[in-house]
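The next block holds one structure in the form of structure tokens; read it before the comments.
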Number of protein chains: 2
Amino acid sequence: MNKDITIYDIAKELNISAATVSRALKDHSGINGNTRKRVVEKARQMGYRSNFFASNLRKRKTNTIGVIIPRLNSHFVSTAIAAMEKVASAAGYNIIISQSNESGSKEIINAQTMFDNRVDGLLVSLAYDTDTVNHFSKFAEKNIPVIFFDRVPESTEQVSIVIDNYRNGYDITKHLIEQGCKRIAHVTANLKRNVYNERFSGYKHALMDAGINFSDDLVFSCDLSEQASTEVAAKILSMKKLPDGLFAANDMSAACCIRVFKQNGLKIPKDIAIAGFNNDPVSRLIEPNITTVNYPAFQMGEMAATYMINHLAGLTNILITNKIILKSEVLIRESSLRKKS
Amino acid sequence: MNKDITIYDIAKELNISAATVSRALKDHSGINGNTRKRVVEKARQMGYRSNFFASNLRKRKTNTIGVIIPRLNSHFVSTAIAAMEKVASAAGYNIIISQSNESGSKEIINAQTMFDNRVDGLLVSLAYDTDTVNHFSKFAEKNIPVIFFDRVPESTEQVSIVIDNYRNGYDITKHLIEQGCKRIAHVTANLKRNVYNERFSGYKHALMDAGINFSDDLVFSCDLSEQASTEVAAKILSMKKLPDGLFAANDMSAACCIRVFKQNGLKIPKDIAIAGFNNDPVSRLIEPNITTVNYPAFQMGEMAATYMINHLAGLTNILITNKIILKSEVLIRESSLRKKS
DNA sequence: CTGAAAGCGCTAACAG
DNA sequence: CTGTTAGCGCTTTCAG
């Protein structure tokens, strides 16, 4: 195992000081253009690579952004992360990712790991059952910025990037009502999380505004997984009086319900009109295509990373911002469309 | 911004040396149980956190494993990574992930970044258009182990973890033949990649063994994306003589074809029997359910990470291994099932 | 524009 | 079982 080349090796070869090499390599202002060129060339030729650890140790800055997400394997999350990575690497930042697996306690451990790793900033989307955000306060104490996205805390003290879940929940329910639905079921998840809570509120208010009574019997809570959604669908089918519409809090769940309903001979949207959320690819693949909300996952990731980096670079102070709301819109497809508009 | 607590601060408080503190915190063998207890307690109480950078700088080891994958947003990849993360974090390793976005040149950059980050080991699944694996040879030179998984190089010098793509391709084609298919189309991707290449070989040989002529006209190459697959489906529909079977190299692609075929009035599996690959959730959601190959994504990730960590710990020498093949199996579902077996 | 020198916080010999 | 010592490789004053 051959030893690594250091700036001292380069300095010796060139008969200059290590400090000069360091400055030349860093494009430090006030360095002779010629010596810079010589250093860079020699470095390349000797196969030099900078030692992040020495540098970080010295600078007390890691050029690393931490990302904590519930789980990687959803279309929304992986798209958002792809965007973050793109922005970050263009700006010379590394990203480290950890999954909470929807567990609040794992999220606490992950936050600690990020803290120990001394990330310069943290991007977070909360787990299903996270109760408080105390595990992030140590970051604030050290002036490490934390930006929440998608699943954000209720508290208004945090910086968060979201879409208008309430409005979209309202609009999509209103759309179902306009298609003639009178009994609209709702499949949701843990209402601690803004995304589900607000979609649910939108649903309720849309019903109310249309003069339709809200009934708890039509609301089903589960983790939206394939299995849980399938169980919910079965439960819906066993109701004395079936609903004639269904708004599921995500597309995966809507897709599972559609499958079960169809297997039981129901016609979609004739018997039950269905809507999902997120514009997941699955919403375009199953039959009928699912009415959903176009979720700007890429833009959200892009924006979160960009704000973070600009903040770290001192260009803007994100911490005085409270909330950023991205555009999103209902996409009407066959699963809910009964009449020509 | 309050200054960080170091082992010196603890040492001073306790009137012992920094070395002892370091040893106590690391559960170093041969340290007095009592002093250890005092150190650990004091560290907790002072809010000490270890400085990875100083430690890494000193140890010349980062406790970090790099993962390079084509893209995060596929069910296979995100599941495999979830497994890797689980294994790694249990063993005290961090994981850093980067996406090549299916681009060979991005993969080269990512490899360099991993190298500069001084990962202790590297886990790689190749991009579509990667031609050589020269960009990984610098790792070998520094004795940094590289393990390939899923999309692996042809060369037998690398350590790789795969499933038997050839056998599965063969079996699934044979199954289609047994269902009465005579003209079986195949949708594949870049044949540089073992996974597509071998599935394709399996397909060809199964045809041959059944006495069916192989025809280039029935093979369609694309990137398997939603859009490209949809185009391929349209192209198939425009053939003078339609195929009566289709084996697509992944489920997403199979699902897109099914959608197009159904939209054009074809019956699945009656008119065209269809099979995919991977057992992606979508294969269970669309109608009819897609016959596919159960891909042990979680196990593959688990195994890759476990072997890597055992190797790094000196428990086993993975580098003398050439190839590890995991179990996988054809799952027969409605999209191909014409007769009772 | 460049050099000397100090030190970031930790660990590993080595010596007791 | 514990202390002393000497760096790991880099950046950054402070002087020139």
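Here is how names work: the chains are called A, B, and so on, in the same order as the sequence lines, proteins then strands, and each is numbered from 1.
Note: CG (N15(B)) to P (dG3(D)) measures 9 Å, nearest angstrom. The nearest whole Å value for the distance from the CZ atom in F53(B) to the C1' atom in dT11(D) is 15 Å.
Proximity of T35(B) to the phosphate of dT2(D): a side-chain N or O atom is located under 4.0 Å from OP1 or OP2. The phosphate of dC10(D) (OP1 or OP2) has no side-chain N or O of S22(A) nearer than 4.0 angstrom. Distances shown here put every side-chain N or O of R60(B) at or beyond 4.0 Å from the OP1 or OP2 atom of dA12(C). Not one side-chain nitrogen or oxygen of T6(B) sits closer than 4.0 Å to the OP1 or OP2 atom of dC8(C). An OP1 or OP2 oxygen of dT11(D) is reached within less than 4.0 angstrom by a side-chain nitrogen or oxygen of S55(A). A close approach under 4.0 Å does not occur between any side-chain nitrogen or oxygen of R49(A) and OP1 or OP2 of dG9(D). Under 4.0 angstrom from either OP1 or OP2 of dG3(D) there lies at least one side-chain N or O belonging to S17(B). Checking the phosphate oxygens (OP1, OP2) of dT11(D), a side-chain nitrogen or oxygen of K26(A) falls inside 4.0 Å.
Y48(B) comes within 4.0 angstrom of sugar-phosphate atoms only, judged by non-hydrogen atoms across all strands, and of no base.
Atom NZ of K37(B) sits in a sparse spot, with 12 or fewer heavy atoms from other residues, nucleotides or ligands closer than 6.0 Å.
For dG3(D), its base sits under 3.5 Å from the side chain of R23(B) at one donor and acceptor pair at least.
Residues I7(A) and I16(B) each lie close to DNA chain D; by heavy-atom proximity, the contact nearer the 5' end of the strand is made by I16(B).
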Distance-only criterion, 3.5 Å: show the donor-acceptor pairs between side-chain atoms of residues 126-133 of chain A and protein atoms not counting sequence neighbours.
unit_1, atom_1, unit_2, atom_2, d
Y128(A), OH, D223(A), O, 2.6
D129(A), OD1, G104(A), N, 2.7
T130(A), OG1, E107(A), OE1, 3.2
T130(A), OG1, E107(A), OE2, 3.0
D131(A), OD1, K192(A), NZ, 2.8
T132(A), OG1, N134(A), N, 3.3
T132(A), OG1, N134(A), ND2, 3.4

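An angle of 30°, rounded to 10°, separates the two end axes of the helix from dC1(C)-dG16(D) to dG16(C)-dC1(D), each defined over five pairs.
Taking the ring centre of F52(A) as origin, the terminal cationic atom of R118(B) falls outside the region bounded by 6.0 Å and 45° from the ring axis.
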Every protein N/O lying under 3.5 Å from an N/O of nucleotides 5-7 of chain C:
unit_1, atom_1, unit_2, atom_2, d
dG7(C), N2, R58(A), NH1, 3.1

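Between atom OG1 of residue T64(A) and atom CG of residue N94(A) there is a gap of 5.0 Å, rounded to the nearest 0.5 Å.
In this structure, the side chains of I7(B) and L25(B) come closer than 4.5 Å at one or more pairs of heavy atoms.
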